[in-house]
Structure formats: structure tokens, C-alpha cells
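Structure first, then comments.
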Protein chains: 2
Amino acid sequence: MSHEHIASAFDRDLEAVQAQIMKMGGLVEKAILDAAESLDSRDEEKAEIVRKGDRAIDALEEQINEECARIIALRAPTAIDLRLVLTVMKISGNLERIGDYAKNMAKRTSVLVQMPQIEGASVSLKRMARDVQLMLKDALDAYIQRDAELASDVIHRDHEVDQLYNAVFREFLTFMMEDPRNITPCMHFHFIAKNVERMGDHVTSIAEQVVYLVTGETPDEDRDKQDVTSSDASVSGV
Amino acid sequence: MSHEHIASAFDRDLEAVQAQIMKMGGLVEKAILDAAESLDSRDEEKAEIVRKGDRAIDALEEQINEECARIIALRAPTAIDLRLVLTVMKISGNLERIGDYAKNMAKRTSVLVQMPQIEGASVSLKRMARDVQLMLKDALDAYIQRDAELASDVIHRDHEVDQLYNAVFREFLTFMMEDPRNITPCMHFHFIAKNVERMGDHVTSIAEQVVYLVTGETPDEDRDKQDVTSSDASVSGV
């Protein structure tokens, strides 16, 4: 068994598992958009489909993890190849978490449709979700094409999502102070906004792994710091 | 080089990395308690220590991941041994996330000390945090002792944390409706409560991995379902 033979068997294995990552990524992108759409149009049926669809995403993550463990056991990859397999496992973990957030968003939609509508609240959330979905698409493209520049662009765009989140945080606080009947629905909107912001963090984590994979260097960003609502006292002045 | 020699080298490597996991676990347990304590006593200095301490936790995760990759590359472990190494990586990932939540809690404490105090709000949170810290301690003990029963007990106890979370969610909503000036501080308390609840989910994930490691079977719990605030319409009736 020549080294070349082993290498190409590894490449075939890796390609198969990367195809599963792309499939998983497609499902997660759709879950993000559908969850935001069902919230905006108060469509309970669509929300239910998102909730149920999370099982397929979870199942794919399990398959990918098993396949990666099999590749490691069978091919005993070293250095860069091992790093590739471990990155695949991490990316599937990130995708699974994003899917969970979309499911949670759909759950809250089922509650929110039973409450009075708050004009405009879901529009900003839909825009945030759309941004995150496009970031995810680009992060996965960057992974497949080993494109560090595109991955860096994704990391940069997460700041915009964080800024949108800070804006809706303030917007919802205002609604709550205006009318106590807005408090309960706005709590749910808040958690949804926070979940979308966290989706962005997981997409950023995928993009950072791509940068590391391609350049060997970790982009030194403190991703936490852009959520000023947790540390900026000015929020209390709203 | 006999098989026995390879096996014992692997065991030594694994023990070293497990010692790092226990060290990391100790730091995370302390971060949880200190974050809750600083919130309850409105102690900004202690909160600052928790925030800064997260760097040591992150650094340990990185070391553990590198060491695990080195073990896989060097020892090419198969089957159960490989599963052990991958579990170590997952546990260190869970610990890192819990540390992040403790850091976020400390950040919000720095904001909350600048607002009027809400009587009793931090007491329930402190109890939740204490429960999660004890669960984490037991989950790590269960890992080291390969004790599936103790791990199952931890999984069960997460339901209690979820129930506490549901109770404080309702409590905070009431505070907000009573007085609009409570809205902003209660938003922060809410996010802290949600973060503690998520810490519990990560501890549960560690315990589930222990059960899987020891018994080869995944405990079939839907961990999400205990947070009824995202799906139970009755919350809207508060």
C-alpha cells in the first residue's frame, strides 16, 4: 500500500464528509430563513416545520461525527489532514447549535402568534436573520474553497449583526416601557434577537476556523465585545 | 515496541490531559460561584476578576485541544481509546462555553451595580448557579470514575435547574409589570438566568457523554423541552 494510495483514500473520505457538511449547511440556512419568515408572517405551520426539521440536522451532525471518528481510526491522518478532520467536527457542532437556535425561534413564534402583534418588531429580526444566513453561506463557501479572504470578510460582517442586535435591544426596551402589555411579547422578541446574534457568533467561529486552516493563524478578535448590551451602562439610560 | 508499551504510553498521555480537564473544571466551578456571589453582593471587583479569569480557561481549552490532536497523531488510537480522546475534546469545549457564560454574567453585574437594586432577584440566581456548580462537580467526578449512575443523576438534576429558571422568568416578568423602572435591570437578570440555564445544558451534555462512554448508549432526553418559557403560552398570562 503506497503512501499515495493512503492519501487519496483519505481525500475521498474527506470529500464525502465535506459533502455532508454542505448538505447540513443548506438545511441550517433554510431553517434560519424559514424561522424568520414564519415569525414575520405569524405562520404557525411553517414554524412547526422548522421545529420538526431540526431532527434531520441533529442526525446529520451525528453521522458526520461518526464518519470523522471512522476516518481518524482508519486513516490515522497526521498534521494538516488531522486538523482538517477536527475542523469538520467543529463546523458540524457549530451548525448544530445554529439549528437549535432556529428551532428555539420557531418555538417562540408559536407563542407570539397568540399575543397582540407589535408593529415592526419582526422586521429588524428578519433582516438580522437574513444577514446571518448570507454570512453562513459565505463561511461554508470559504471553507470549501479554502478562501481566507472571504472568511475574514464574514468575521467582519458579524460586527454589523451585533450592531443590529444592539439597536433592536433598545427598540424593544422602548416598547416595553411604553406599554406594560408589550412586556411579555417583547421578552420573547428579545430572546429571539439574542439567539440570532448567537447564530452570528457560531458562523464567525466557522469563519475563524477557515482562516486558521488556510493561514495557520488565529484571527485575534474578541467576539464577545460587540454585544455592548451586556457591558455598556448607556443601555440603562434608554 | 510491544503493544503493551504503546497502550501504556497512550494511558499516560490520557491521564495528563485528564488532569488538565480537572484543572479547567476547577476554574470553571470557581467562575460560576464567584460570578453568582459578585452579582448577589454587588461586588464589582470580584466580577472583574471573573471576567479576566476567563482567559486562563480559554488557554487551557486550547492546550487540551492541541494535546488531544498530538495524542491522536502520535498514538493513532482506535475504537474506545479514540472515543475517549474525542470525549475529552468535547468536554473541554463544554467547559469553555460555561466559562463564557460566567464571564457574561460578570459583565452584566458591572452594569447592574449602577442600577437600583431589586430585592430578592439575585437570590434565586445564586441558588441556580450553586446547583449548576454542584452538577458540574459531579459530572466531572463521574467522568474520572467512569460512573454512569452519577452521570445519570446529573442529567436528572438539570430538570430542577430548568424549573428554577421557569420560576425566575415569571418572577422577573412580574417585577417588570409592577414598575417600568424595573424593566432594564430585569432584562439583565433575565439574560443571566438564561445563561445559568444554558450552563446547566452544557453540564448535562458532559454527563451524557459520560453515560455514552461507559454504557455505549446515548441517554434519549430532549434537553430543550424543559424550558417551557419558549413554548408555553401560559407564560403570557403572567
Side-chain angles (χ1 to χ4, degrees), chain A residues 51 54 62 65 68-70 72-79 81-83 85-86 89-90 93 97 100 103-108 110-115 169 172-173 176-181 183-188 190-192 194-195 218 224-225 227 229-233 235-238, chain B residues 51 54 62 65 68-70 72-79 81-83 85-86 89-90 93 97 100 103-108 110-115 169 172-173 176-181 183-188 190-192 194 218 224-225 227 229-238:
Chain A
R51 287 173 67 165
D54 192 51
E62 212 161 300
N65 275 340
C68 285
R70 201 189 64 85
I72 295 173
L74 196 67
R75 311 288 175 208
T78 50
D81 286 348
L82 177 62
R83 197 200 282 175
V85 180
L86 296 176
M89 294 178 89
K90 279 196 183 167
R97 293 297 298 153
D100 271 358
K103 182 174 83 169
N104 190 276
M105 196 165 162
K107 270 192 192 176
R108 291 189 191 274
S110 308
V111 180
L112 278 165
V113 295
Q114 298 165 41
M115 298 180 187
F169 184 93
F172 293 159
L173 274 186
M176 290 161 97
M177 290 182 183
E178 273 170 10
D179 187 343
R181 282 169 299 183
I183 290 180
T184 304
C186 275
M187 282 304 303
H188 288 286
H190 256 127
F191 276 122
I192 291 174
K194 188 71 197 166
N195 282 353
T218 317
D224 281 344
K225 73 184 168 193
D227 167 11
T229 67
S230 64
S231 57
D232 179 2
V235 169
S236 63
V238 175
Chain B
R51 288 172 68 166
D54 192 51
E62 212 161 299
N65 275 340
C68 285
R70 201 190 63 85
I72 295 173
L74 197 67
R75 311 290 175 206
T78 50
D81 286 347
L82 176 62
R83 199 201 279 174
V85 180
L86 295 177
M89 293 177 90
K90 279 195 184 167
R97 293 298 298 152
D100 271 357
K103 182 173 82 169
N104 190 275
M105 196 164 162
K107 269 193 194 177
R108 290 189 191 274
S110 309
V111 181
L112 278 164
V113 294
Q114 298 164 42
M115 299 180 187
F169 183 93
F172 293 159
L173 275 186
M176 290 160 98
M177 291 182 183
E178 274 170 9
D179 186 343
R181 282 169 299 182
I183 290 179
T184 304
C186 274
M187 283 304 303
H188 288 288
H190 257 127
F191 276 123
I192 292 173
K194 188 71 198 167
T218 318
D224 280 344
K225 73 185 168 194
D227 167 10
T229 67
S230 63
S231 57
D232 180 3
S234 75
V235 169
S236 63
V238 175

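Residue numbers start from 1 in every chain, and the chains themselves are labelled A, B, ... in the order their sequence lines are given, proteins ahead of strands.
- Taking chain B as the reference chain and counting heavy-atom pairs below 4.5 Å, the highest number among A:A76, A:A73, A:C186, A:P77 is found for A:A73.
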What verdict does the side chain to side chain contact (heavy atoms under 4.5 Å, CB included) test give for A:V85 and A:R75, after you've listed the backbone C-alpha separation in whole Å, the side-chain angles of each residue and the deciding distance to 0.1 Å? CA-CA 11 Å; A:V85 180; A:R75 311 288 175 208; over 6 Å; no
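- Few gaps surround CD on B:E178; more than 12 heavy atoms of other groups in view lie less than 6.0 Å from it.
- In terms of non-hydrogen atom pairs under 4.5 Å with chain B, the most contact-rich of A:L74, A:N65, A:I183 is A:I183.
- Residue A:N195 touches chain B through its side chain alone, counting heavy-atom pairs closer than 4.5 Å.
- Proximity to chain A (any heavy atom under 4.5 Å) is restricted, for B:M187, to the side chain, taken from C-beta onward.
- Options A:A69, A:G93, A:A106 differ in how many heavy-atom pairs under 4.5 Å they form with chain B, and the most are formed by A:A69.
- Rounded to the nearest 0.5 Å, atoms OG1 (A:T184) and CE (B:M176) are 8.5 Å apart.
- In this structure, chain A has no heavy atom under 4.5 Å from any part of B:M105.
- Residues A:I192 and A:L112 meet the side-chain proximity criterion, which asks for heavy atoms closer than 4.5 Å.
- Ring planes of B:H190 and A:F191: perpendicular class, angle over 60° (limits at 30 and 60°).
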